[in-house]
Each structure stands twice: as structure tokens, then as C-alpha cells.
Amino acid sequence: MRSPADIIACHDCGLLHQVGELPDGAAAACTRCGGVLRRRRTNSIDRALTLTLAALILFVLANSFPFLTFKLEGRATTSTLMTGVLMLYEDGMWPLAALVFGVTILVPLAKLLATTYVLLPLRFSRRVWGMAAVFRATEIMHPWAMMEVFLLGVIVAYVKLSDLASLELGIALYSFIGLILVMIAAEAALDPREVWDRLARQATGRLAGRDLGSLVSCHACDQVCRVAAGARARCPRCGAALHRRKPDSIARTWALVIAACILYIPANLLPVMTVISFGRGEPDTILSGVKTLIAAGMWPVAVLVFFASITVPVLKIVALILLLISVQLRSSWRPRDRTVLYRVVESVGRWSMVDIFMISILVALVNLGAIATIVPGPGAIAFAAVVILTMIAAMTFDPRLIWDARERARDEQQTAHA
């Protein structure tokens, strides 16, 4: 007898679907917005666990050996991954130091350890305390592990310094690149649905003839639960609070977007760093840094920095404002396209952090006293705050509101014609 299909709600538009067993490598997509409901992967847990353990080994290597060595005028500075964090802290930029440490070392390590904590017992069909909560935490940590963005910052810093001095790549840098590749492979190999099904089975049954209005999807693990109107409940699988829509989504997103708009002004007017050479120096803003790269003939790097540090934050803010206004006006205009726009906004925001990482690398390497020194500026803190605020704003916005507005407009039209 064929088992009943799983009931899965689309994460982006909220539409309920019945999804049966999928062959390895196949994917099920939402019929309304095109979002991926589930993608089946072969030997998901075994492969992801093996790659995660390999990533832990590479993580230790990347943090134990020299990362880059900078040589100028007979003097040399060798840095590790922690050097930039320590230098930022010594320069009084402790918010930047905490940010760089968190997203390049602490969060990636916590994510690797948490994933191992969940997958290792599952590999041997065991259960340990708190597995569901820990796995939910790995999903929350995902956008805040920014090692690949840090690597892009390394590339930009390397290009900027290669014409000025000699740079040597250390063992840690090669290990770091390997770590990024292995972590990407581990994420691609893991099927989160299989993990959640092992922890507690997904809701099954038939949608026809049911009271669909009482079904609520957990936004953390996507478990579909029956909740009475107005009742407070928690997901029986992962323990997250259940809400039909994210609480106060519009108000919270507006507050974060407005704060980002305000901070974007000092982020572009104040210097992000100052290069001091032989006692003389001139502050650099983000835009003046791009102009310097163009003057030096580094067009590809200039375009990259301009796009990541200026274009992307502006487009994110404009896109979020557009989404907020369209939802508040109950617009039914092109809901699928607006959902795709939301997915883009949610995924690209972290790449704007490349300028902050570049500064942390330059501060760590160019520290030769009177010969050459780079000092971070207050504009860097404002810019980092803009990136973080826009990322959180994308997380607090509930894309299902786009489709709720369309449903309300359609219901009102039907009522008017009745």
C-alpha cells in the first residue's frame, strides 16, 4: 500500500502541497511561486557527516598556521586568521573585531560542531538530548557563516597590495580555501528534510476536505500542525513558536530599513580606513577607495567593490521598501516576481561585507610602524551596521504576506460580484 504523501507548506508563499516519495536527485517545487519544497539527495547523512568531519580538520589547520605574509622595505608581517581581529580590537574598533571574529571563526565552528552533534548519532540511529533544537540552530547560523565572503575580501586585499609589496601565501590560506569548498559540498550533500524526518516524521495525510485554515507551518522546520485560531503553540518537532505569519513583520522590517537608511549616510561620508606611509596619510571612504582602484588600473576589483559595497546595499534597501509598500497597499501585482525579488534580497546581502573583511586583512598585514600602517575608520562600523540591519530586515519580512494580499484582493472581488 502506498504511504500517504507528506503535507509540506511552501516556505515563501505558504501554499500547502502533498509531496510523495522523490527519487534520488529529484526536487519538488511549489506550484504557485516556484520555490523548492524538497530536494532529495543520495546518502545525505553519511556524505554530509564525512564532509563535516573533514571540514573540522581543515578548520583547525586554517587557524593554526600563518595565513599571509607581507614584506616591504626589508620588513615582514605575518598574519593568522585571528590577527585582523586582534588588531581591530587594539585600534579601538571592538564592534568590528567582534563581528569579524563571529562570522569568520565563531559561527562557522559552532555550525560544524552542531552539525556533527546531530548527524553523528543519526548515522548510528541514536538519539541524544536537544538534537532538534541544535539542528534548528544550524539553520539560523547559516547566513552568518561568511567564510566565502571573507575569502573574497582576501582576494581584493591581495590585489590591492600585490603592486606595493611582496605577499606570501601561508598553509592556513590553502586550508581555509579547502575548508570553504568542503563546507559548501557538505551543505549541498545534506537533505534537511531527511534529518527532520529522522527526528520526527513530517505530517502526512490528504488535504482535500480538511479544515485548511487551522493548519500552521513551522517556519523553522516546516512541520505542519493544527492550531486553533488565537492559540499559542510550539512546534512538536523542533520546539519553535508557531505563528501563521511572522509577528509584527511589517513594523519590524520598516524599523530596520529606516535605521539602515540613516546609517548609510555616515557609512559613505566617514572614512573607512586611513593609509599612513612615512608619517603621512589620507582617509579613504568607500567611494574614494573605488576611485583609487580605478586610478591604479584595477578595474575588475574596482567594479567588484563598487557593486558589493555601494550597489548591493542600495538595491537591497530599495527592494525591501518596494516589498513593504506593495504589501501594505495590498497589491496583487506580479506576486511571483516579488517573491523571486525577495529571495534575491535575502541571499545577496551578506556579500556586501567584503569591504569590512578587506579592511581587517589590510589592518593585520600593513602594520610596519612609520613605514606603512593602515588604521580603520568609523565609516567601517556604520557600513557594517547597514549590512547587518538589511540582512535582519530580510529575515523579519514574511514573503507569505505578498500572497496574503493577493488572496484578500481576490476574496474582495468575489464578494463584490456576488
Side-chain angles (χ1 to χ4, degrees), residues 63 67-68 70 77-109 143-147 149-158 160-161 164 172 176 256 259-260 262-277 279-290 292-293 305 308-310 312-313 349-392:
N63 285 274
F67 197 79
L68 282 170
F70 175 80
T77 301
T78 298
S79 70
T80 64
L81 274 174
M82 274 295 295
T83 304
V85 174
L86 297 174
M87 293 303 300
L88 287 171
Y89 180 78
E90 290 179 5
D91 287 332
M93 294 289 180
W94 62 265
L96 283 186
L99 174 63
V100 175
F101 174 74
V103 300
T104 61
I105 297 177
L106 182 61
V107 174
L109 176 60
W144 302 104
M146 302 186 188
M147 291 184 299
V149 187
F150 184 83
L151 181 59
L152 185 58
V154 172
I155 295 172
V156 175
Y158 183 88
K160 290 190 72 167
L161 295 176
L164 304 175
F176 189 75
L256 291 164
I262 295 172
L263 286 171
Y264 189 75
I265 298 172
N268 283 273
L269 295 180
L270 296 177
V272 293
M273 66 179 179
T274 301
V275 181
I276 302 174
S277 180
R280 300 176 62 184
E282 186 174 336
D284 265 337
T285 63
I286 295 174
L287 189 57
S288 67
V290 173
T292 301
L293 289 171
V305 173
S309 301
I310 297 177
V312 170
R350 60 209 299 267
W351 291 94
S352 296
M353 202 67 76
V354 62
D355 237 16
I356 302 302
F357 295 146
M358 178 193 68
I359 292 169
S360 72
I361 296 160
L362 293 177
V363 168
L365 289 174
V366 187
N367 185 30
L368 302 177
I371 296 175
T373 303
I374 291 181
V375 179
I381 295 179
F383 182 76
V386 171
V387 177
I388 293 172
L389 287 171
T390 53
M391 287 181 65
I392 299 175

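Excluded from the calculations below are hydrogen atoms, water molecules and symmetry mates; all remaining heavy atoms, backbone and side chain alike, are included. Quick caveat: nothing in here was measured; it's all calculated off a predicted structure.
- The shortest heavy-atom contact between I359 and V272 is CD1-O, 3.7 Å.
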task: Let me see the working for I286 and D355 under side-chain contact (heavy atoms from CB on, under 4.5 Å), right down to the final yes or no.
output: CA-CA 8 Å; I286 295 174; D355 237 16; 3.7 Å; yes

Checklist line | Intermediate values then yes/no, side-chain contact (heavy atoms from CB on, under 4.5 Å), T77 and V366 | finding: CA-CA 7 Å; T77 301; V366 187; over 6 Å; no

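- Looking only at side-chain heavy atoms (C-beta outward), P266 and F383 stay at 4.5 Å or farther from each other.
- Annotation: side chain of L256 is not in contact with side chain of T390 (no heavy-atom distance under 4.5 Å).
- M146 and F357 make their closest contact through O-CE1, 3.9 Å (heavy atoms, listed as atom of the first residue, atom of the second, distance).
- Residue pairs satisfying the side-chain hydrogen bond (donor to acceptor under 3.5 Å, both in side chains) criterion with at least one member in residues 82-101, sequence neighbours excluded, are listed as follows: T80-T83.
- Put simply, the side chain of W144 does not reach to within 4.5 Å of the side chain of L106, judged on heavy atoms.
- Taking 4.5 Å as the limit, some side-chain heavy atom of L88 sits within range of a side-chain heavy atom of P376.
- Between V387 and I356 the shortest side-chain heavy-atom distance does not fall below 4.5 Å.
- Side chains of L161 and L365 form a contact here, defined as non-hydrogen atoms less than 4.5 Å apart.
- The shortest distance between side-chain heavy atoms of M358 and I155 does not fall below 4.5 Å.
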Assess whether side-chain contact (heavy atoms from CB on, under 4.5 Å) is satisfied between L270 and T285, documenting all intermediate values. CA-CA 6 Å; L270 296 177; T285 63; over 6 Å; no

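- Taking every heavy atom of both residues into account, G289 and D284 meet most closely at N-OD1, 4.4 Å.
- For S309 (side chain) and V305 (main-chain N/O), a donor-acceptor pair under 3.5 Å exists by modelled atom type.
- Under the 3.5 Å distance criterion, the side-chain polar atoms of R350 are matched with a main-chain donor or acceptor of A145.
- Closest approach of P271 to P283, counting heavy atoms only: CB-CB, 3.5 Å.
- Nearest heavy-atom pair across L96 and A380 is CD1-CB, 3.6 Å.
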Check your understanding: Going through the distances and angles, do V375 and M273 end up as a side-chain contact (heavy atoms from CB on, under 4.5 Å)?
Key -> CA-CA 5 Å; V375 179; M273 66 179 179; over 6 Å; no

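- Interatomic distance, L152 CG to M353 CE, rounded to the nearest 0.5 Å: 13.0 Å.
- Between A260 and V386, the shortest heavy-atom distance links the atoms O-CG2, 3.7 Å.
- I105 places a side-chain heavy atom less than 4.5 Å from the side chain of N63.
- Taking the ring-ring contact (aromatic ring centres under 6.0 Å, His included) definition, one finds that F176 meets it with F67, F150, sequence neighbours left out.
- Taking CG from L81 and CG from L68, the interatomic distance works out to 9.5 Å, rounded to the nearest 0.5 Å.
- To the nearest 0.5 Å, atoms OG1 (T274) and CD1 (I374) are separated by 9.5 Å.
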